Amino acid sequence: MAADPLPPGWSKWNGDAEALRAFQEELAARVIVKDAYPRPLRTVAGFDVAFDENDATAHAAAVLLDATTLDVLETHVVHAPVRMPYVSGLLGFRELPALLEVLAALSVRPDLAFVDGHGIAHPRRLGLAAHFGVATDLPTIGVASRILIGESTTALHDMRGAFTTLRDEGRHIGWLLRSKPGESPLVVSPGHRVAMATAPEMTMRFVTTHRLPEPTRLAGNIAAARNG
DNA sequence: GCGACAG
DNA sequence: ATCTTGTCGC
């Protein structure tokens, strides 16, 4: 069951970050960190958002891919007004409205979604990808380029596909994944309906010759282009 | 008090 | 995120 992505009565940013953080803790309790997606996967979708220079408009992109061939089946971009400034830890409230709009533009609900941002590797275990997952009830994986919170103890080999644990306060919250040798690792974490152990390999399944997995990489490209 | 701080 | 040239590396 999908959850309301915004707190009751919340429509625009009023500076009350504490209220949003409290709401995140409620939603975080609804995140399911277990594999619950169709098998075999038929389609996957990647999501990302870009902003214009005035930070007035959010350009959200969605790319639908064939999960087996990685062929691009659909691409969509929507332009939505920005309702909130960037506040570390509250990214979901800033980008979700636009992401939900592009999701609606897809002709089918993807079997799995990749979102450019953290899943549960977040201070309150509700990064953008987890927020998206709970709001849509779609199996979701968060793929970020940098750590928001947490640390890894063991070394990460410089080999394609190598990964190591990311933990915070003793809890396993995600992974550092070397998607490409010589490049900084990706921070991968479950967003919703995906098990912790599944996230790295599932992400690698969509990594070709670039650091980012195709769903998120392609979505980022068209979001930045602001068309197509 | 001093940094850190997804996109 | 976005503003930006050349440059190093595969």
Side-chain angles (χ1 to χ4, degrees), chain A residues 5 13 17-18 20-21 24 27-28 31 46-63 77-103 113-135 140-152 158-160 166-169 173-192 199 203 207-213 215-227:
Chain A
W13 175 244
E18 285 311 311
L20 296 183
R21 293 192 184 99
Q24 288 186 315
L27 290 182
V31 173
F47 298 85
D48 191 19
V49 184
F51 297 84
D52 59 24
E53 59 287 336
N54 306 310
D55 203 31
T57 306
H59 308 275
V63 178
V77 178
V78 299
H79 313 288
V82 173
R83 308 179 182 183
M84 202 192 127
Y86 167 75
V87 177
S88 180
L90 301 180
L91 197 58
F93 299 103
R94 171 173 164 81
E95 304 192 347
L96 259 193
L99 287 182
L100 296 180
E101 240 182 77
V102 255
L103 170 63
F114 282 94
V115 175
D116 183 31
H118 291 294
I120 62 173
H122 174 280
R124 289 167 296 286
R125 312 299 180 247
L126 195 82
L128 174 61
H131 201 154
F132 176 91
V134 172
T140 309
I141 290 178
V143 180
S145 286
R146 307 165 52 143
I147 293 174
L148 206 206
I149 194 171
E151 60 285 313
S152 64
D158 190 25
M159 253 184 66
R160 183 180 190 286
L166 177 69
R167 51 178 66 256
D168 176 49
E169 299 182 333
I173 61 174
W175 310 87
L176 292 188
L177 172 64
R178 187 134 266 150
S179 55
K180 183 176 182 178
E183 302 271 305
S184 56
L186 298 179
V187 183
V188 176
S189 60
H192 189 54
T203 298
V207 170
T208 59
T209 64
H210 304 274
R211 182 170 85 115
L212 298 176
T216 278
R217 188 180 72 81
L218 295 173
N221 286 173
I222 67 175
R226 288 150 195 172
N227 61 197

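From a predicted model like this one, the values you see are computed outputs, not experimental measurements. By convention in this document, chain letters (A, B, ...) are assigned in the order of the sequence lines, proteins followed by strands, and residues within each chain are numbered from 1.
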To the nearest Å, how far apart are [X] [atom1] and [N] [atom2]?
X      : N     : atom1 : atom2 : value
A:L91  : C:dA1 : CG    : C1'   : 9 Å
A:F93  : C:dA1 : CZ    : C1'   : 19 Å
A:E183 : C:dC8 : CD    : P     : 17 Å
A:R146 : B:dA6 : CZ    : P     : 6 Å
A:D48  : C:dT2 : CG    : P     : 8 Å
A:E95  : B:dG7 : CD    : P     : 9 Å
A:L128 : B:dG7 : CG    : P     : 10 Å
A:L96  : B:dG7 : CG    : C1'   : 13 Å

Considering every strand and a 4.0 Å limit on heavy-atom distances, what is the contact class for [X]: base, sugar-phosphate, or nothing?
X      : value
A:D116 : sugar-phosphate
A:G142 : nothing
A:L126 : nothing
A:Y86  : base

Non-hydrogen side-chain atoms of [X] and [Y] separated by less than 4.5 Å:
X      : Y      : value
A:R125 : A:D168 : yes
A:M84  : A:L20  : yes
A:V143 : A:P213 : yes
A:S179 : A:T203 : no

Q | Residue A:A50, side-chain heavy atoms: nucleotide from B:dG7, B:dA6, C:dA1 that is nearest | A |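 Side chain of A:A50 sits closest to C:dA1.
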
Q: For A:R211 and A:S145, test the side chains for any donor-to-acceptor distance below 3.5 angstrom and give the result as yes or no.
A: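 A:S145 and A:R211 do have a side-chain donor-acceptor pair below 3.5 Å.
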
Q. For C:dT2, does either OP1 or OP2 sit under 4.0 Å from a side-chain N or O belonging to A:R226?
A.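 For C:dT2, OP1 or OP2 has a side-chain N or O of A:R226 closer than 4.0 Å.
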
